[in-house]
Structures are given as structure tokens and as C-alpha cells.
Amino acid sequence: MIAYVRPGWAEAGLTSPERPGIDNPVFAYIALAAFVVFLVGCVVAGVMAYTGRWRSWYPNRTTQWYSPLAMPWGAGAFLLMLLAAGLDVVLDGLPMALGVILVGCAIVLNLIALVYVFAPRRLLPRWIRDDGW
């Protein structure tokens, strides 16, 4: 077992247990890239659901759960927060105004996603409204 000594612990003879996870950051970068691809896929799927190019998720008229229409808004909020975190690392400290704008936009997108989970009829796409109910 590898033990890591934290600053100030050497004098007391204390060591920390082995760090969990892999020390190679490449795996973290791969996981982050996969997460970004997943979020972009959610945005594309939501846009396709709204425009009517993907209709298999809407099987019958009794369905009141419109989660594919909420996907692009929530995924967009996650992408904005990832952008803010990335800019914070790249710019060595995110400017306050830019951070407030990005977080404010993410909050608005999450509120829109919350509305679209059980969307009012007037917010549904035309192809659902014209379905006859």
C-alpha cells in the first residue's frame, strides 16, 4: 500500500490512506469528453423530438410525460456550467460578470426544462398539438 504524507502530518507521524482512483488524468479527460458527447447527443435528440423527426418516443395520446422535449434545455444548462468551469481553468479565474451570465443562463435553461417535463399544450410542438386532442 502506498501512503501519501500530507503537509504537517510528517511531524506527527501520520500518513493518509492510499488515494482512490487512477493517478493518470487521461481517464478523467476521456470521461469528460464522453460526458460532453452525451450532452450534445441529448441536445440533438431533443431538437429532433421537437421538430418531429424523432416521433417514436410519443407512442399514444395518453402520455403526459414530455421528457425528450426537456432534454435539450437541461443538457444545455450542463454544457454552460462545463463551459464556465473550463473557462475558469483556462483564464485562471473566471471574470465575475461572465460567471454571473453563464450561471444565470443555466438557471433559466433548467427552469425551462422543468416546465417542459409536463408542458402546457401551447408549448408543445405543432405535430403533437395537431394530433387531434
Side-chain angles (χ1 to χ4, degrees):
M1 178 169 132
I2 300 173
Y4 295 95
V5 178
R6 295 186 179 181
W9 285 19
E11 295 84 9
L14 299 174
T15 59
S16 65
E18 184 175 312
R19 291 190 296 178
I22 300 172
D23 290 336
N24 192 350
V26 172
F27 295 110
Y29 297 143
I30 291 172
L32 180 64
F35 186 60
V36 168
V37 167
F38 171 75
L39 290 175
V40 170
C42 285
V43 170
V44 170
V47 169
M48 288 176 59
Y50 192 85
T51 59
R53 289 181 173 84
W54 175 39
R55 295 184 183 201
S56 64
W57 65 271
Y58 183 68
N60 56 28
R61 295 179 186 172
T62 61
T63 304
Q64 293 295 316
W65 186 257
Y66 301 110
S67 60
L69 300 177
M71 279 191 310
W73 303 105
F78 270 110
L79 287 171
L80 278 178
M81 294 310 293
L82 283 175
L83 176 68
L87 286 176
D88 186 44
V89 170
V90 171
L91 298 177
D92 196 29
L94 189 65
M96 182 61 88
L98 182 59
V100 167
I101 290 171
L102 289 175
V103 170
C105 289
I107 289 171
V108 168
L109 287 176
N110 277 324
L111 290 175
I112 293 171
L114 185 65
V115 167
Y116 262 104
V117 171
F118 295 104
R121 183 169 170 77
R122 65 183 174 275
L123 291 179
L124 294 175
R126 183 174 304 277
W127 67 270
I128 293 177
R129 284 182 289 169
D130 293 343
D131 196 23
W133 60 284

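A continuous path of hydrophobic side-chain contacts links Trp127 to Met48 [ILVMFWY only; heavy atoms under 4.5 Å]. Note on Ile101 and Leu79: separate hydrophobic clusters, where clusters join Ile, Leu, Val, Met, Phe, Trp and Tyr whose side-chain heavy atoms are under 4.5 Å apart, directly or indirectly. One hydrophobic cluster holds both Leu82 and Phe38 under the rule that ILVMFWY side chains link at heavy-atom gaps under 4.5 Å. In this structure, Leu111 is not a member of the same hydrophobic cluster as Tyr50, with clusters built from ILVMFWY side-chain heavy atoms closer than 4.5 Å. Val43 and Leu114 fall into different hydrophobic clusters, defined by Ile, Leu, Val, Met, Phe, Trp and Tyr side-chain heavy atoms under 4.5 Å apart, directly or through other members.
The CG atom of Leu80 lies 11.0 Å from the CD1 atom of Ile107; values are rounded to the nearest 0.5 Å.
Residues Leu69 and Leu123 have side chains not in contact (no heavy-atom distance under 4.5 Å, counting atoms from C-beta outward). A 4.5 Å side-chain heavy-atom check between Leu87 and Pro95 finds every atom pair outside the cut-off.
Using cut-offs of 30° and 60° for the angle between ring planes, the Tyr116 and Trp73 rings count as parallel.
Contact between Pro72 and Pro68 at its shortest, heavy atoms only, is CD-O, 3.5 Å. Here the closest non-hydrogen pair linking Ala113 and Gly74 is CB-N, 3.7 Å. Heavy-atom minimum distance, Pro120 versus Val115: CD-CG1, 4.2 Å.
Looking at Asn110, Leu102, Val103 one by one, the single match for side-chain contact (heavy atoms from CB on, under 4.5 Å) with Met81 turns out to be Val103.
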Show your working on side-chain contact (heavy atoms from CB on, under 4.5 Å) between Ile112 and Val108 and close with a plain yes or no.
-> CA-CA 6 Å; Ile112 293 171; Val108 168; 4.0 Å; yes

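No donor-acceptor pair closer than 3.5 Å links the side chain of Trp54 to the backbone N or O of Gly46.
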